[in-house]
Amino acid sequence: MRSLISIFDLSVPEIDGLIKTAEDIIENPDKYAEKCKRKKLATLFYEPSTRTRLSFEAAMLELGGSVLGFSEANSSSAAKGESVADTAKVISCYADIIAMRHPKEGAPQVAAENADIPVINAGDGGHNHPTQTLTDLLTIHREKGRLGGFTIGFCGDLRYGRTVHSLIEALSRYENINVILISPTELRLPSNLKKKYLTEGSYRETKSLEEALPELDILYMTRIQQERFSDFDEYLKLKDSYCLNTEKLNAAKKELTIMHPLPRVNEISVGVDKDPRACYFKQALNGKYIRMALILKLLEEAENDREYHPAADFIIDNLLTCDNSKCITSIEQEIQHKFRLTDAENGVYRCVYCERQSKKN
Ligand code: CP
């Protein structure tokens, strides 16, 4: 069964196909109004959400389908200790497709391994948020007419911001993209992501938004992620690191595209909303269209029973245990710890669920 857990579950031609479908939906909504008649989407949200959950629900309703689900863990049997695996098995009896958000990294992967229906990762902790990435790619495509040949600045919480991580991963597959990473030292992009997805000379780091702004074709602002900090004083120290306002925008290009996955706290002044370069509310709308395209694709593949066999390159090894307290393996009942070998010479493995590295001696 085909699910979407990471943006890398989709090839570049498949992403291009989803963007094409989303743009066709925007042009011809009536053509799609009954495409999901009698189909049900279950939204299983163990963490708060406005855009992702409601755009998924709006997407299914506009395709002629129905929705069911929960918007917080406490209103589900998770509050009684039910595992993600059991929940996924049960929901497979009631729905045709699942969208899941969970605070633990890898939880949607566990759901996909246990469900008989497609599972879409709607955000797992600080790990991945692939449908936000699809939303961002659609927005860039609609605003710039292309997915390469630009300078993009990521500003704010680059350490915990899963939308930034997923978008950088996705953009690494397109050509001629310069990246400027704008953050306080404490919130820099994790070095493993820099090493894996950014090439020497194609990116630089700075603390100053003002210094980077004149160079940018796209500015991707992010909120400082209070919920991911273990030390609240550290959050208080960093929370007001950046605020984009109309005055600062005077130094920016006329054709700049300002994006933000939202919610914003105070990193973009409300005065910027009227600037034609502000695209973050259009971005939220694009989220509905790309999720319509994704639901259609996964349901069509499930219906045609196209078996999907991802490379079974992981190993199950009880000698290795993931030590990431944010990984789903830290709470899920009787889960087997699975790892991929990433560096044979040094015995380095990566957890299949959260991608934390472990070493085997
Ligand atoms: N962008 C985003 O994921 O928003 P929500 O948290 O409101 O879903």
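Sequence positions, counted from 1, serve as the residue numbers for this chain. Hydrogens, waters and symmetry mates play no part in the numbers below; they use all other heavy atoms, side chains included. Order of appearance sets the numbers: ligands from 1, and atoms from 1 within every ligand.
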Donor-acceptor contact below 3.5 Å, side chain D9 vs main chain S6 =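 Flag set: sc D9 to bb S6 pair under 3.5 Å.
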
Can any side-chain N or O of R146 pair as donor or acceptor with the backbone N or O of G149 at less than 3.5 Å?
->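 Yes, the answer is positive, given that a donor and an acceptor are paired below the 3.5 Å cut-off.
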
Under 3.5 Å: N/O of [X] near N/O of ligand 1:
| X | value |
| --- | --- |
| P48 | no |
| P261 | yes |
| R53 | no |

Indicate, as side chain, backbone, both or neither, the part of T163 found under 4.0 angstrom from ligand 1 when only non-hydrogen atoms are considered.
->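 T163 to ligand 1: no contact under 4.0 Å from either part.
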
Under the ring-ring contact (aromatic ring centres under 6.0 Å, His included) rule, collect the residues that match up with Y32, sequence neighbours excluded.
->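 With neighbours one apart ignored, the set is empty.
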
Tell me: protein heavy atom nearest [atom], and distance?
| atom | result |
| --- | --- |
| atom 6 (O) of ligand 1 | R101 NH1, 3.0 Å |
| atom 7 (O) of ligand 1 | T50 N, 2.8 Å |
| atom 4 (O) of ligand 1 | R51 NE, 3.0 Å |

Which ligand 1 atoms are under 4.0 Å away from a heavy-atom of L262?
->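 Those qualifying, in numeric order: 1 (N), 2 (C), 4 (O).
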
Can you name the residues that form a side-chain contact (heavy atoms from CB on, under 4.5 Å) with S191, not counting sequence neighbours?
->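 Testing S191 for side-chain contact (heavy atoms from CB on, under 4.5 Å), a comparison that skips the adjacent residues, returns none.
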
Taking the six-membered ring for Trp, are F8 and Y197 parallel (under 30°), tilted (30 to 60°) or perpendicular (over 60°)?
->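 Judged by the thresholds at 30° and 60°, the geometry between F8 and Y197 is parallel.
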
Look at the rings of F154 and Y220 and say which category their plane angle falls in: under 30° parallel, 30 to 60° tilted, over 60° perpendicular.
->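 If you compare the ring of F154 with that of Y220, the planes turn out tilted.
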
Non-hydrogen atom of E47 closer than 4.0 Å to ligand 1 =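 No; E47 lies far enough from ligand 1 that no heavy-atom distance drops under 4.0 Å.
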
Stepwise side chain to side chain contact (heavy atoms under 4.5 Å, CB included) check, I152 with L171 | CA-CA 10 Å; I152 180 167; L171 290 177; 4.1 Å; yes

